[in-house]
Amino acid sequence: HAEANALKKKIDFNGSNIYITLEPCSHYGKTSPCVKKIINKKIKKVIFSINDVDIRSSNLAHVKLKKAKIDVRKFIYKSYAKKFYKSYFLQSTKQIPFIDVKLAISKDNLTVNKKDKWITNNISRKVGNFLRSKYDCILSTSKTINKDNSLLDCRIEGLEQKSPAVIIVDRLFKIKKQLKIFKNKSREIFIFTQTKNQLKEEYFNKIGVNIIKLKRSNNLKNDTSEVYFFLKKLGFNRVLIESGIK
């Protein structure tokens, strides 16, 4: 609710114009409607890019603002806003979540540097860390995490708390127990597997890791769509995949 945050400032907004990307909300939720705040602050003109898909607010702002004698101009940069809000719009559909993939590849198409730990430089690693802060969860495989002892967190000062949840696709339940990624108790970690291992399940449940059992009839080796639909049920709408080239 960027409008609400902007209008908190203790200044006189009377006669101002307000520029917004998404249509301001008209319903009561965790906060009161942004439309109501705009009206109360005596804003003169509202400019926004795209209508909300939430049925509680969709197409309502224009009507309510006009009724309050506020000038409204909508659909400015609409095509850009459609791209910007793609992951948000997917929330209300039956499609899989918004998915991006990050790969570290050299100019000659190699993914491993046998002489050095890193294939990338310091700048690109910082960019990679920053990208992680923009997603709900990071999806990787047990093979990748076992091999790299990965943390998959956001190591940029001030953004440490933005480290997303971790999803580990581990069909045969081969994830090692004593890995660095399991030492951070503040992050949600989910292991998706098709293999029963009672001792491992008990161990991970004890340290707060969630075990999700998938049907063995599904070919998880080549089709991870069941994982994505499950992630959507869990409330993860932006997924960043970080794993090996396969």
Side-chain angles (χ1 to χ4, degrees), residues 1-102 123-124 126-138 154 156-165 228 231-241:
H1 301 279
E3 309 94 307
N5 288 332
L7 296 172
K8 278 179 185 175
K9 295 178 185 288
K10 294 182 179 179
I11 57 177
D12 184 7
F13 289 97
N14 191 359
S16 300
N17 297 342
I18 185 168
Y19 296 84
I20 309 166
T21 47
L22 186 68
E23 174 185 11
C25 65
S26 301
H27 67 279
Y28 282 86
K30 292 181 179 179
T31 63
S32 57
C34 288
V35 164
K36 186 176 180 180
K37 290 181 172 71
I38 290 168
I39 294 169
N40 289 342
K41 292 291 184 176
K42 299 188 181 344
I43 299 295
K44 175 186 169 186
K45 187 175 183 179
V46 174
I47 303 99
F48 67 88
S49 298
I50 197 166
N51 282 331
D52 198 348
V53 291
D54 190 325
I55 58 173
R56 297 171 297 175
S57 286
S58 184
N59 287 303
L60 294 177
H62 185 261
V63 176
K64 293 189 175 185
L65 293 169
K66 281 284 188 183
K67 192 174 180 180
K69 295 185 170 41
I70 296 173
D71 188 16
V72 179
R73 191 177 175 199
K74 55 183 180 177
F75 305 146
I76 308 301
Y77 292 114
K78 184 178 179 180
S79 58
Y80 172 78
K82 282 178 75 173
K83 294 176 184 176
F84 184 79
Y85 281 106
K86 187 176 180 181
S87 61
Y88 171 68
F89 291 157
L90 280 172
Q91 289 182 102
S92 55
T93 72
K94 292 182 179 180
Q95 298 177 55
I96 62 174
F98 181 81
I99 298 170
D100 276 331
V101 180
K102 182 179 83 68
I123 294 172
S124 53
K126 282 184 177 179
V127 171
N129 274 261
F130 175 72
L131 282 174
R132 288 171 181 166
S133 72
K134 300 294 182 183
Y135 293 83
D136 298 328
C137 65
I138 296 174
C154 182
I156 293 179
E157 188 176 355
L159 291 178
E160 296 89 349
Q161 298 306 312
K162 292 282 188 179
S163 296
Y228 302 136
L231 293 181
K232 192 157 189 178
K233 286 182 183 177
L234 292 170
F236 298 123
N237 292 296
R238 289 178 59 83
V239 182
L240 180 64
I241 297 179

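Not measured: the values here are computed from a predicted model.
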Can you find a pair of side-chain heavy atoms, one from [X] and one from [Y], that are under 4.5 Å apart?
X: Val239; Y: Cys137; answer: yes
X: Phe236; Y: Pro97; answer: no
X: Ile76; Y: Tyr19; answer: no
X: Val53; Y: Tyr88; answer: yes

Quick one: does any side-chain atom of [X] pair with a main-chain N or O of [Y] as donor and acceptor, under 3.5 Å?
X: Lys232; Y: Gln95; answer: yes
X: Asn237; Y: Ser87; answer: no
X: Glu160; Y: Gly158; answer: yes

To check you understand the geometry: which heavy-atom pair defines the closest contact between Asp52 and Ser58, and what is its length?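 Heavy-atom minimum between the residues: O-OG, 2.9 Å.
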Report task. Give the minimum heavy-atom separation between Lys64 and Ser26, together with the two atoms involved. Result ->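 Closest approach of Lys64 to Ser26: NZ-O, 3.7 Å.
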Does a sphere of radius 6.0 Å around [atom1] in [X] hold more than 12 heavy atoms from other residues, nucleotides or ligands, not counting ones at 6.0 Å or beyond?
X: Ile11; atom1: CD1; result: yes
X: Lys162; atom1: NZ; result: no
X: Lys102; atom1: NZ; result: yes

How long is the gap from [atom1] on [X] to [atom2] on [Y], to the nearest 0.5 Å?
X: Leu60; Y: Ile55; atom1: CG; atom2: CD1; result: 10.5 Å
X: Ile99; Y: Tyr135; atom1: CD1; atom2: OH; result: 11.0 Å
X: Ser163; Y: Arg132; atom1: OG; atom2: CZ; result: 8.0 Å
X: Asp71; Y: Ile47; atom1: CG; atom2: CD1; result: 7.5 Å
X: Ile50; Y: Tyr85; atom1: CD1; atom2: OH; result: 9.0 Å

#### Entry: Lys134: partners by side-chain contact (heavy atoms from CB on, under 4.5 Å), with sequence neighbours left out
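For Lys134 the side-chain contact (heavy atoms from CB on, under 4.5 Å) partners, ignoring immediate neighbours, are Phe130, Arg238.
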Under the rule for side-chain contact (heavy atoms from CB on, under 4.5 Å), what residues qualify as partners of Val63, not counting sequence neighbours?
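So Val63 forms no side-chain contact (heavy atoms from CB on, under 4.5 Å) with any residue.
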task: Apply salt bridge (charged side-chain N to carboxylate O under 4.0 Å, His left out) to Asp54 and list each qualifying residue two or more places apart in sequence or on a separate chain.
output: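 With neighbours one apart ignored, the set is Arg56.
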Modelled atom types, side-chain donor and acceptor of Asn51 and Asn59, under 3.5 Å
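Distance-only check passes for Asn51 and Asn59.
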| Between Tyr80 and Ser49, does any side-chain donor sit less than 3.5 Å from a side-chain acceptor? |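 No, because no side-chain N or O of Tyr80 sits under 3.5 Å from a partner of the opposite role on Ser49.
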Self-check item: Residues that Ser57 engages under side chain to side chain donor-acceptor pair (under 3.5 Å), provided they are two or more places apart
Solution: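 Listed in chain order: His27.
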Which donor-acceptor pairs under 3.5 Å do the side chains of residues 31-45 make with protein atoms, sequence neighbours left out?
unit_1	atom_1	unit_2	atom_2	d
Ser32	OG	Lys37	NZ	2.6
Lys36	NZ	Tyr28	OH	2.9
Lys37	NZ	Ser32	O	3.2
Asn40	ND2	Lys36	O	3.3

Practice prompt. Could you please spell out the steps behind the side-chain contact (heavy atoms from CB on, under 4.5 Å) verdict for Thr21 and Tyr77?
Written response: CA-CA 9 Å; Thr21 47; Tyr77 292 114; over 6 Å; no
Partners meeting ring pair (Phe, Tyr, Trp, His ring centres under 6.0 Å) with Phe98 (sequence neighbours left out):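 Checked Phe98 against ring pair (Phe, Tyr, Trp, His ring centres under 6.0 Å); zero matches.
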